[in-house]
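Quick notes on the structure that follows.
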Amino acid sequence: MAQCVQSVQEFIQDSFVPMVAVLCSEDAEKLTRKNNLNFSELLRPFCRLTSEGHMRDPNNQVQVVKNLRISVNNVVTRPSVPASGVPGHAHRRLLSEVVLTCQPAEGGVANVITAGDYDLNISDRSLKASVPWYSDWRDTLTELSTSKHYTATTPWFEAYRESFLQSMPASDHEFLNHYLACLLVVSSSEAVPVEKFLKLSQEQHRIQHSGEYTNPKWFIPNTLKYYVLLHDMSQGDEQRADSVYEDMKQRYGAQGCYLLKVNSRTAAAGADEQIPDPWSQYLHKNSLQTPVVVNNTAVENNVGGTSEVDGHDSEEKGDLDNTHPLQLDTPSDTPGSLDALRAVAVETKPPPIATGVAAATSHGACLTLNDHDRIRLFIQEFTFRGLLPHIEKNIRQLNDQLVSRKGLSRSLFSATKKWFGGGKVPEKSIAELKNTSGLLYPPEAPELQIRKMADLCFLVQLYDLAYSCYHTAKKDFLSDQAMLYAAGALEMAAVSAFLQVGAPRPYPAHYMDTAIQTYRDVSKNMILAERCALLSAEVLKSQAKYSDAATLLIKMTSEDSDLRSALLLEQAAHCFINMRNPMVRKFAFHMILAGHRFSKAGQKRHALRCYCQAMQVYKGKGWSLAEDHINFTIGRQSFTLRQPENAVTAFRHILTNDSQQTSTQQGAFLREYLYVYKNVTGACEVALPQLPLPCINSSATRVYFGHERRLAEGEKQAATHVSLDQEFDRDLAAMWQDLEEQVVAAAKRGVVPATFQPTQCCLNSQTDNLRFPLAVVEEPIIVEVVFRNPLKVPLVLSDLSLLWKFTLKDFNRPQPQEDSVGDAVAISNEKEASVPRVRVCARLKLLPHQTGQLNILGLVYNLGTSVRGRQDLEIQGPRLNQTKEEKTSVSHGPDRRLDPTITPPMPLLEVFFLQFPTALLCGEIRKAYVEFCNVSRVTLCGLRVASTHPDFFTFGSSSLATPLTPLSPTSFENCSAYKTLATPPGATPGSVAAVTLVSEGDFGSGIGLRGGGVSGTGGKGITEIPLGEGTLKPGESTQLPLWLRGPDQEGVHEIHFLFYYESAEQGGKISHRVLRHTVFICASRSLSVRATACRSNTLPEEEEERNGSMLVFVDVENINSSEAGVREFHIAQVSSSSKQWRLHKCINPAEDKDCKLTSRERGKLCFRATRCKPLQVPLKAVEKYTFADLSLGNELIITSTTPCADFFFRRCQPLESLRPPVAMETQGRHSRSQGVGHGGGAKDIAGVVRKCNEVDLDIIILWKAFVVEDNKQVILEGQLHVALQTIDKEACSLTQKEEAQEMVLLKFKPELPPPMTRPSMEQLSHLIKTNLQYPESYSHPFNQKRYLCMVPVTLTLSNCSLAQVDVIIDLRHKTTSPESLEVHGSFTWLGQTQFKLQLGAQEVMRVQLQACFLHAGVYNLGTPRVFAKLADQGAMCETSQQTATPALIIIINST
């Protein structure tokens, strides 16, 4: 149970005290009324004796009476309680008002209903219990239970208990509430006071012995009469009063009368002096023995105009009263629904100011402190000299009767009882003896005399003797089947046993259980049963038997009294948490039951308190249904008690959590909440309060800065840019940032500024929000808010607006900062229905008109039809994890996505694409158009574009005009995207190629020149878009051609464009702006080209071939699938581009002037390539490329112009950049460590040898494809590139798929530098190219005695390297195989058979030889062996060079 102010012994002693009646004369009553008190009320604060009393027991032993209190009451002859033992209406009303007036602190109720932190009013200290963890509860309750400085934790229960015990009706089976004495009070102002005393004495005798009144009841026939003369010191004659008192002492004896002097001052004089008022704390405890005027106004907690004070008399109750405490309310058509709540709001009346006596009335205004002492002395004199001797005498008389009884047998004693009073008189049949109303003892019955002596002993603290008498009486009553009398004896025997000093015997709890059961089940007297339960529970609690006490209290709950059941359930709950192992969940459960009964009893405040205390235990345990019920009840009770804020808070908990309720029940919760919320907002016109629904996911809020893009217009396709419909991709964001860094570096001369911040048009939870975002004035800001409806019923939102705060900047005087509801327009519909359990996004727009700082605070909207409120957008930033302090603590950085800075105007670019394809063949060339529009009021300049695929597009070269291509989209009708010329008439296809020299810088691929290169860093992947005057003025637009080339790999390609532009007005906070565009191109297979370069060993026939020549074999295959609709491919032209080589002519041109390839068909072409003339490449233009075009049709495409050359330079990197850097380092090291070549320069063997086999030649295949679309033939064209790098090594237009690399172990040690790479034998065998020149046939007359035929042969040696080479020629035959002998025949070389020569770089040397034949035949002259090595490389042996093909000569006998 809860902690109490008194100990258990003090409580029991104060529950049973000697009763003293008061009869006053009218003058005496008037005298006391000067103090707004009657005489009994005047004595009440002084009825506890401060000194010890003494009396003798029947054994003549002196007993000390400590801390004795007497009860003084006016005589009331009106019966107060019916004989049935059921409390009447007035009794219930009194107890209800006692509980009602004793409430916990107001602050405790208000603070209880807060999310996550409840005040559990376990005591009036309002112990904080912000848990609900059991360990904390145990600590809290253990500290509370062990503390010695505690106060009452449930003062309303103690007030109820005290009032209940004091108002106990006097019954016939016991004498504890019977009057022992009567004070006869007469004023000294009476004419003849003695006569007045006589009249009062006669009145008392008439009341006691006439038999007219059942109440009050008197203890013994010879009631003690004590005569009190009341003298008014302020008005009366003191001498006369003394003389009257002297007469009284002569008449009544000095111990039977007293002169009490009061009113030592007047009321007017008392107003100036502050005297303590000890009566105020007693007067609210109105007893039924004194007439009390009960306030008929409905108490505050009794809502609805009814005046019932307990659920027993209530005929009509709401659903909150009739339902089970854990049953939720039905949604409609019940008194407890929304209509009932409205009725409550209408009919609720303000609480009464006071009940009973006016609270503002002062008491004892005419009394001084000396008067207080006189009253205290009077009570002491009356008790010690009058009352205690009277009780002692009666105990002695009754004891003598008992002593005479002890030696007699039962039969003799029965005869004695008949002798004394004729025995008991049964009024009903024997079968009904167990009913207490069926057996009555006469007043003189010996059993009652024993009980009377026991009660007298108990009242004066003689507990040993009292227990003996109770025990004896109990046996007699049980033998007579007088169950009511037996129950009373059992009850008091148990209490006496507990109160005995030294506890000689254990507390007989079974006595109490039997008494309670008898009172409740047999006698049907709930008042006596309740008293017995209250006493037993306190005793059990003092013995730490909290479980037994709780069980006892719970058994006493019933439907006949809701107030009693509520109080006992609350005390049982406190028992559960006072156990050694607190049972917190049982505490909470019984607190809910108590709250339910409090509510039925009309005690709304106590009901609310119980639910709030129980909520602390159920909160956060996953018991959502229990939480919903408690919160709903708290909300309704708070609204009833005019605490709408607390009601709204409680309803919020029901609606914000994911409820497990049915949709119907949730709908009922929502309607009641909206009604309560409407009353709150209507009562106080303050700032918009917070709404709990729907749930806003603040971290998912997205903010978009920028212009609303126009959609596609006709054939125009708008740039995709950034929108709220796109999902955020971290990899894509990094890619866009990298592109932006590249283009910024290109615009800022290759350096990215230190203040560079990537552009973020759309901010979300994954972007970097640590800095204030920048927005532009007059450009909208769109905020996307994510709503989540946690309920199963739809929510209707309307009139959504953003709540923002704006601070002007760059103004002289500061502007006030105020919260405002901006002109926010919902992009979605005005009313938005949130589907149950679904996420819904709402987009709202702000349009700033001035520069400054904007702070978006939250959202304002209507929930339902008439409830308007707000929700704040509070976004938690990312967790900081950089420093040690941040890692060891939980701290978050700022998130400023809702705090944009509004900057001055900036240009705004819109881009549209015309005739932009979605599907291309690999290598297909298509011409499209781009339109740039400046839709702002600021001039635009510095337009550039960066792309992830710079080889996909080109804007063309401004240095080389392309007049033969279409200039506008309307002129495109199967026209070629290339610059073409008609071939001269009569020209043979594949004849000598047309040659053009161009520079890489003309097409934007040079470093440091305009953008457009293929590299992704250093500005080489950036293209500067040509504008008319370099700027685009406000409102202007321009249209430019754009050439596209299909990717070389088939599949779907995602290509990104980033357009960069600046403002012509420098110095703004935003340095540049970007526009993003993403396209998806589906590439289909077209042609596969393979090419191989081989050395040509024939002598140069033309002048172009004298500097060196080689053969180029081109293998073209149609790998297109028939699904693309391509009928056939035509190889229209083959071109080359190189700094060293060029295609000279086609060796095997097709006879039909065109190479046609159908599906899976293959064609082979052979070309002769020659070195470029040195004179054609002057020293100052070394970087120029030679384009050679060999047309295979009737049109010649100029590949050195846009777009062919653009895509070539974007597609093919220079060979120097493709070489691995390790080889260059090796070259440098080797040249420093070994050999010095001609001219003193350092040379590298590997580099020199590699140069011999290296080919710097790029082949460009231009094709046309004939496609049938919509029964119309369309000609497509394109180009493929093949880069030849090494002789005899095949190159392909399609990049080979790289094999998956195997996993390798990580190496933590630095790797050693790679070893020196030496050229292979194959590479060294290509240093010298040999060629034999001789006649194909030779005639000689062998039969004319000219037996020897000598033929001159010239051996041509060509140095293919750039270094000096030592050559050895060996003409001796070394071949011994039969096949060689057959082919060689019998011929020999005449003259010198071995030569040692030295050839300079690319030097050609001829050696004259002579072959001798003996007879006619076919001979192979390819027998000379050539060995070569680099000069000055002594450690290197000569390497045999590759010989030419067999050189066959026919010797003819001419005779």
Side-chain angles (χ1 to χ4, degrees), residues 8-9 11-13 15-16 85 161 164-165 168-178 398 402 410 424 433-441 445-459 461-500 503-543 545 548-549 551-553 555-556 568:
V8 183
Q9 290 77 7
F11 160 66
I12 297 177
Q13 288 177 7
S15 300
F16 303 100
R161 188 178 59 186
F164 172 79
L165 294 175
M168 282 285 296
S171 58
D172 294 331
H173 75 286
E174 63 181 12
F175 303 94
L176 294 171
N177 290 340
H178 293 196
L398 292 172
L402 290 176
R410 178 67 180 169
K424 49 186 175 291
L433 282 179
K434 289 189 177 182
N435 190 342
T436 54
S437 59
L439 180 63
L440 293 177
Y441 289 99
E447 292 88 348
L448 291 187
Q449 302 301 318
I450 299 174
R451 172 60 193 258
K452 187 177 296 184
M453 178 180 174
D455 288 344
L456 280 176
C457 294
F458 186 87
L459 292 176
Q461 303 175 9
L462 301 178
Y463 300 119
D464 294 339
L465 185 57
Y467 175 78
S468 299
C469 296
Y470 284 133
H471 197 271
T472 302
K474 178 254 304 183
K475 292 181 180 180
D476 293 342
F477 292 140
L478 287 176
S479 64
D480 294 337
Q481 292 291 306
M483 302 309 297
L484 177 61
Y485 294 89
L490 285 169
E491 174 188 6
M492 297 311 298
V495 174
S496 301
F498 172 74
L499 292 178
Q500 289 180 23
R505 55 181 59 86
Y507 169 68
H510 60 285
Y511 281 12
M512 280 292 193
D513 296 338
T514 304
I516 294 174
Q517 184 178 3
T518 303
Y519 284 144
R520 184 183 57 196
D521 300 335
V522 179
S523 303
K524 307 298 182 182
N525 194 318
M526 290 303 298
I527 294 179
L528 295 175
E530 181 179 355
R531 182 189 70 179
C532 188
L534 293 176
L535 296 175
S536 181
E538 286 295 332
V539 173
L540 292 173
K541 183 192 73 171
S542 67
Q543 296 177 345
K545 298 178 181 179
D548 297 339
T551 303
L552 175 63
L553 293 171
K555 285 182 179 180
M556 282 303 300
L568 296 185

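Residues meeting the ring pair (Phe, Tyr, Trp, His ring centres under 6.0 Å) test with Phe16, sequence neighbours left out: Phe458. Tyr467 is linked by a side chain to side chain donor-acceptor pair (under 3.5 Å) to nothing, counting only residues two or more places apart in sequence or in another chain.
No side-chain donor-acceptor contact under 3.5 Å links Asp476 to the backbone of Glu447. Side-chain atoms of His178 come within 3.5 Å of backbone atoms of Ser171 as a donor-acceptor pair (strictly under, hydrogens ignored). Counting only distance, with no hydrogens or angles, the side chain of Ser542 and the backbone of Val539 share a donor-acceptor pair below 3.5 Å.
Heavy atoms only, all atoms of each residue included: Leu478 and Ala486 are closest at CD2-CB, 3.5 Å. Minimum interatomic distance between His173 and Leu484 (heavy atoms only, all atoms of both residues): CD2-O, 3.6 Å. The two residues Ala170 and Asn177 have their closest heavy-atom pair at CB-O, 3.9 Å. The two residues Cys469 and Ile450 make their nearest non-hydrogen contact at O-CG2, 3.4 Å. The two atoms that bring Leu553 and Ala537 nearest to each other are CD2-CB, 3.9 Å, heavy atoms only. For the pair Tyr519 and Gly488, the tightest heavy-atom approach, listed with the atom from each and the gap, is OH-CA, 3.0 Å.
Note: Asn525 CG to Thr518 OG1 = 11.5 Å, rounded to the nearest 0.5 Å. If you take CG on Leu499 and CD on Gln461, they are separated by 9.0 Å, rounding to the nearest 0.5 Å. Rounding to the nearest 0.5 angstrom, the gap separating the CG atom in Asp172 from the CG atom in Leu448 is 9.0 Å. The CZ atom of Arg520 sits 15.5 Å away from atom CD1 of Ile527, with the distance rounded to the nearest 0.5 Å. To the nearest 0.5 Å, atoms CG (Leu165) and CZ (Phe11) are separated by 5.0 Å. Taken to the nearest 0.5 Å, the CE atom of Met483 stands 9.0 Å off from the CD atom of Gln517.
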#### Entry: Worked verdict on Leu534 versus Phe164 for side-chain contact (heavy atoms from CB on, under 4.5 Å)
CA-CA 10 Å; Leu534 293 176; Phe164 172 79; 4.0 Å; yes
### Task
Apply side-chain contact (heavy atoms from CB on, under 4.5 Å) to the pair Ile516 and Met556, showing each step before the final yes or no.
CA-CA 9 Å; Ile516 294 174; Met556 282 303 300; 3.8 Å; yes
### Task
Decide side-chain contact (heavy atoms from CB on, under 4.5 Å) for Ser536 and Phe498; before the verdict, give the C-alpha distance in whole Å, the side-chain angles of both, and the deciding distance to 0.1 Å.
CA-CA 10 Å; Ser536 181; Phe498 172 74; over 6 Å; no
### Query
Can you list the steps and then say if Tyr463 with Val495 is a side-chain contact (heavy atoms from CB on, under 4.5 Å)?
CA-CA 9 Å; Tyr463 300 119; Val495 174; over 6 Å; no
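The aromatic rings of Tyr485 and Phe477 sit tilted, their planes meeting at an angle between 30° and 60°.
Residue pairs meeting the salt bridge (charged side-chain N to carboxylate O under 4.0 Å, His left out) criterion with at least one member in residues 485-496, sequence neighbours excluded: Glu491-Arg531.
When the shell of 6.0 Å around CD of Gln543 is examined, it contains more than 12 heavy atoms from other residues, nucleotides or ligands.
The one candidate from Leu456, Leu176, Leu398 that meets the side chain to side chain contact (heavy atoms under 4.5 Å, CB included) condition with Arg451 is Leu176.
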